[in-house]
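One structure is given below, encoded as structure tokens.
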Amino acid sequence: MTFRRYATVLFLIPLLMTALTGCAPSSAETDDGRLRVVATTTIVGDVVRQVAGDLVDLTVLLPVGTDPHTFDPRPQDVAAVADAQVIFASGLGLEEFLEPLLDNAGSQALVVRVSDGVTARGLTGMAGGEGQAHETGADPHVWMDPNNVLVWTENVAQALSAADPAHAGQYAANAAAYESQLQELDSWIREQVAQIPAENRKLVTDHMVFGYFAERYGFEQVGAIIPGFSTGSTPSAQELAAIEDAIREYGVRAVLTGKTVNPALAERVAEDTGVKLVPIYTGSLSAADGPADTYLNFMDYNVSAIVEALK
Ligand SMILES: [Zn+2]
């Protein structure tokens, strides 16, 4: 049984809790009077949706498949931000577009960076050699560990309850139900990665997305093709040579490449080193009919792909 099927069963719990507490949204509330909420990425948007249900009018800025590091806001994004009462961003520098966008829109919204309170990590413990560490600052990819998404969920519930106290009880109940799903996801990941021999637990990706995952689940993030936390740079010839050397030296079995970046360099590195290229989701969910339409399914897809490639 995959986690995805298990999660479907758990999804009934919030509905049950809604029935028990007797505060299902009435149709009279759905058009007018709802809190106007913006989320930046599809992943943040999904967590907001899990906590808010239909109680808020939610706009997600980034289209599915968009790289959050290099997103360029459009006129409709300025309008959505200008109109919003609460804005949820991932934070830790992920959304380089956000501050200029807030200024352009003249936003008066409450801006919540959902990663506030997560213990941020830097570039410590990277094994990819001298040419592989030019980035400073915090790693924004906290969602690769569901324990950090527990923090997001609490931050979302607190902000929504403060902005819309009439529905605080329901936000809290939805958050509690979702948090138990995140805890189940964490347990499921531990079971899955146990199938991977210790010597194979080495990750190489297109950019440095797996720091939190590696730390939590006992992997080594050997390096990345773009050796930093953003996709907004091009690796030098020395950096490419360094990651190819590291793949050979550490016996890395696969290069994991996100669906939101151009795979050309990863394809070249995989070809040069003779390892598999494994597509994963990193900064965006899939479309609604795809395999990573929610955060829970995103992690299910990625962990299953990693286990298949490395076990
Ligand atoms: Zn990224």
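The basis for the numbers below is simple: all heavy atoms, side chains too, and nothing from hydrogens, waters or symmetry mates. Whatever order the structure lists ligands and atoms in, that order sets their numbers, starting from 1.
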Nearest atoms (heavy-atom pairs only) where Val255 meets Ala266: CG1-CB, 4.2 Å
Which heavy atom in Val252 sits nearest to a heavy atom in Val275, and how many Å separate them?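 Nearest pair, atom of Val252 first, then Val275: O-CG1, 3.3 Å.
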Per the ring-ring contact (aromatic ring centres under 6.0 Å, His included) rule, what does the pair list look like for residues 100-121, sequence neighbours excluded?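 Counting only pairs at least two positions apart or across chains, no ring-ring contact (aromatic ring centres under 6.0 Å, His included) contact touches residues 100-121.
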Determine whether Val261 and Trp143 fall in the same hydrophobic cluster, where Ile, Leu, Val, Met, Phe, Trp and Tyr are linked whenever their side-chain heavy atoms lie under 4.5 Å apart. no
What protein N/O/S atoms are there under 2.8 Å from the Zn ion (ligand 1), waters excluded?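 The answer, once waters are left aside, is His69 NE2, His141 NE2, His207 NE2.
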Are Tyr301 and Tyr281 an aromatic pair by the rule of ring centers under 6.0 Å?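 Between Tyr281 and Tyr301, which both carry aromatic rings, the centre distance is below 6.0 Å.
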If only side-chain N and O atoms count, and only distance matters, is there a donor-acceptor pair under 3.5 Å linking Asn147 with Asp186? yes
